[in-house]
Amino acid sequence: MTYHPKSDFMRVMMERGFLADCTDYQGLDEALINGVVPTYIGYDATAKSLHVGHLLNIMMLRWLQKTGHKPITLMGGGTTKVGDPSFRADERPLLTPEQIDDNIEGMKQVFAKYLDYGDGPTDAIMLNNAEWLDGLNYLEFLRDIGRHFSVNRMLSFESVKSRLDREQSLSFLEFNYMILQAYDFLELNRRYGCLLQMGGSDQWGNIVNGIDLTRRVLDHEIYGLTSPLLTTSDGKKMGKSQGGAMWLNADMLSPYEFWQFWRNTTDADVGRFLKLYTELPVEECDRLGTLEGSEINDAKIILANEVTKLCHGAEAAAAAEATAREVFEKGGIGDDLPTVALTSEDIGDGISIVQLIVKTGLAKSGKEAKRLIAENGAKIDDAPLTDAGLMIDATALANPIKLSAGKKRHALVKLG
């Protein structure tokens with residue numbers, strides 16, 4: 001469908017590739033023109049930090065605020081106690097209330113970098129759905145809310161259907177998740193005048209449920225908008241790397257490693273990622289995305305710098321680029337490289353190079369480290385590493401040792 005939006009927000013969403021689907025393009029567009037549209041995205045507090053997979057939706061909230069509307073970051077203090085079954089093969093481990101609160105504190109640090117929080121009409125607010133979910137009376141909830149849900153329809157949602165088709169158990173606890181998420185939208189509309197819910201396209205069923213429920217209970221018109229589920233051009237899920245999740249909190253992933261993740265973007269993804277994850281003009285993103293040869297590497301550095309600036313600040317981005325240049329161009333040792341500090345006890349009479357490669361995170365297992373060496377993918381102090389049986393003792397670590405896996409991943413080992 002080709003829709004030509006009148007509002008700034010919808011125009012940005014469409015031009016930059018954020019939009020997968022919308023429940024009512026025209027209705028939402030008119031609401032955006034007519035006044036401030038409070039908009040929410042929900043985040044379950046399952047970890048202490050958000051990761052790169054969340055960044056697309058955080059950027060949507062940032063553009064929403066930049067175009068004159070009000071972002072609501074809804075922390076799932078209540079729903080995290082249940083766990084979203086969407087497209088999962090197994091049940092999430094249940095967390096204690098203390099773990100959930102602790103995770104929310106960690107996640108707050110990231111949002112503050114992208115959004116302006118405060119009391120103004122377009123200032124962001126952070127809410128916690130425990131505010132209305134924790135005090136629910138089960139029988140009243142069943143009578144007032146549960147009666148609006150058809151089990152037949154709930155079973156037809158792709159997220160539930162795929163789990164049942166594989167004959168994997170779906171607990172009643174998880175089955176309730178979509179009712180609770182729908183109720184969140186109803187309560188946000190009732191309490192805060194929230195008109196729009198955004199999320200990844202896997203949330204479409206949950207969003208539509210919330211819109212239906214609010215229409216039935218309050219007779220209010222509200223909207224849903226989803227973003228595409230991003231994969232890289234080689235089909236991998238966005239935000240996952242060999243080392244695990246790419247966290248947004250600096251204490252869980254160094255700004256240098258974060259910068260490096262973006263610098264290693266595949267050529268085919270550069271233009272698309274510039275549009276989604278930076279605020280450079282669309283024309284400039286398109287121009288940079290069409291560069292070839294060594295020039296595309298310059299575009300990747302621009303991408304890495306711009307994304308790192310937003311997440312960790314301009315200083316961290318500049319430091320990461322300087323370290324990378326020192327490591328790549330001069331073969332030097334940068335201050336920001338991931339570093340493993342060993343004690344004399346750790347080393348004892350000597351530690352194998354295979355163990356060191358695993359300790360630095362350059363390989364996940366000894367088997368993988370040996371394969372890296374056998375395939376000539378490992379270097380020690382920029383020289384090819386060919387001996388998998390090499391032992392390192394304390395005297396060899398009088399100066400830090402630089403280990404490399406391929407051209408782009410490096411780490412230091414030193415005596416602590």
Side-chain angles (χ1 to χ4, degrees), residues 20-23 38-47 50 53-54 57-58 60-61 71-88 91-92 94-95 100 103-104 107 125-136 138 140-142 144-163 170-218 220 222-227 229:
D21 219 335
C22 180
T23 55
T39 300
Y40 99 94
I41 296 179
Y43 298 88
D44 274 348
T46 48
L50 296 160
H54 294 112
N57 285 341
I58 296 172
M60 289 166 80
L61 288 175
I72 298 171
T73 44
L74 180 68
M75 310 312 286
T79 35
T80 306
K81 292 168 186 164
V82 174
D84 183 0
S86 294
F87 300 98
R88 286 185 62 85
E91 196 169 338
R92 283 187 193 277
L94 295 179
L95 302 176
I100 291 170
N103 288 348
I104 289 173
M107 291 161 75
I125 54 173
M126 181 172 283
L127 301 171
N128 186 333
N129 62 14
E131 185 186 322
W132 49 84
L133 294 181
D134 277 5
L136 283 180
Y138 188 58
E140 273 179 26
F141 185 73
L142 284 180
D144 299 342
I145 303 299
R147 67 193 174 90
H148 295 294
F149 286 84
S150 149
V151 171
N152 311 46
R153 187 150 174 266
M154 287 165 79
L155 290 171
S156 74
F157 282 116
E158 196 52 48
S159 56
V160 172
K161 210 158 135 278
S162 62
R163 186 93 158 252
L170 177 73
S171 72
F172 181 64
L173 178 74
E174 293 175 288
F175 191 55
N176 272 273
Y177 186 90
M178 64 176 81
I179 300 181
L180 294 177
Q181 190 173 326
Y183 186 66
D184 279 348
F185 203 175
L186 167 72
E187 282 298 324
L188 284 169
N189 178 258
R190 188 181 352 231
R191 294 168 185 235
Y192 299 94
C194 181
L195 293 178
L196 172 63
Q197 181 184 355
M198 301 194 294
S201 53
D202 60 339
Q203 293 298 316
W204 180 257
N206 289 337
I207 291 172
V208 168
N209 268 335
I211 292 170
D212 285 351
L213 180 66
T214 307
R215 198 178 283 140
R216 286 165 189 244
V217 177
L218 300 178
H220 288 178
I222 55 177
Y223 309 95
L225 182 151
T226 57
S227 59
L229 282 185

Novice: For the atom pair CG (Leu61) and CE (Met198), what is the distance rounded to the nearest 0.5 Å?
Specialist: 4.5 Å
Novice: To the nearest 0.5 Å, tell me how far Ser227 OG sits from Asp202 CG.
Specialist: 8.5 Å
Novice: Kindly write out the residues that satisfy side-chain hydrogen bond (donor to acceptor under 3.5 Å, both in side chains) with Thr214, not counting sequence neighbours, or none if the list is empty.
Specialist: none
Novice: Taking side-chain hydrogen bond (donor to acceptor under 3.5 Å, both in side chains) as the test, write out the residues that go with Asn128, two or more places apart.
Specialist: none
Novice: Just say parallel, tilted or perpendicular for the rings of Tyr183 and Phe141, cut-offs at 30° and 60°.
Specialist: perpendicular
Novice: How many angstroms lie between atom CD1 of Ile41 and atom CG of Leu74, to the nearest 0.5 angstrom?
Specialist: 10.5 Å
Novice: When you compare the side chain of Val160 with that of Met154, does any pair of heavy atoms fall below 4.5 Å?
Specialist: no
Novice: Given Asp184, which partner from the list Thr79, Asn189, Asn129 fulfils the side chain to side chain donor-acceptor pair (under 3.5 Å) test?
Specialist: Asn129
Novice: Output all residues satisfying side chain to side chain contact (heavy atoms under 4.5 Å, CB included) with Arg215, sequence neighbours left out; order by chain, then residue number.
Specialist: Ile211, Asp212, Glu221
Novice: Measure the CG-OG1 distance between Leu225 and Thr23 for me, rounded to the nearest 0.5 Å.
Specialist: 8.0 Å
Novice: Start with the C-alpha distance between Asn57 and His54, add both sets of side-chain angles, then the distance that settles side-chain contact (heavy atoms from CB on, under 4.5 Å), and finish with yes or no.
Specialist: CA-CA 6 Å; Asn57 285 341; His54 294 112; 6.0 Å; no
Novice: Which atom names give the shortest non-hydrogen contact between Leu136 and Trp132, and what distance separates them?
Specialist: CG-O, 3.5 Å
Novice: What's the spacing between Phe185 CZ and Asn206 CG if we round to 0.5 Å?
Specialist: 12.0 Å
Novice: Checking Ala45 now: which residues fulfil side chain to side chain contact (heavy atoms under 4.5 Å, CB included) with it, not counting sequence neighbours?
Specialist: Thr80, Ile100, Asn103, Ile104, Met107
Novice: List the residues meeting side chain to side chain contact (heavy atoms under 4.5 Å, CB included) with Thr226, not counting sequence neighbours, and say none if there are none.
Specialist: Ala20, Asp21, Ser201, Trp204, Ile207
Novice: Heavy atoms, side chains only, cut-off 4.5 Å: are Cys194 and Tyr40 in contact?
Specialist: yes
Novice: Go through the structure and list residues passing side-chain hydrogen bond (donor to acceptor under 3.5 Å, both in side chains) with Tyr43, not counting sequence neighbours.
Specialist: none
Novice: When you compare the side chains of Gln203 and Gln197, does any donor N or O come within less than 3.5 Å of an acceptor on the partner?
Specialist: no
Novice: So do Leu213 and Phe149 actually touch side chain to side chain, heavy atoms under 4.5 Å?
Specialist: yes
Novice: To the nearest 0.5 Å, tell me how far His148 NE2 sits from Arg216 CZ.
Specialist: 7.0 Å
Novice: Evaluate the side-chain contact (heavy atoms from CB on, under 4.5 Å) criterion for residues Glu131 and Glu187: first the C-alpha distance (whole Å), next the side-chain angles of each, then the deciding distance (0.1 Å), finally the verdict.
Specialist: CA-CA 10 Å; Glu131 185 186 322; Glu187 282 298 324; over 6 Å; no
Novice: Test your reading of the model: is there a side-chain donor-acceptor pair from Asn209 to the backbone of Ala182, 3.5 Å cut-off?
Specialist: no
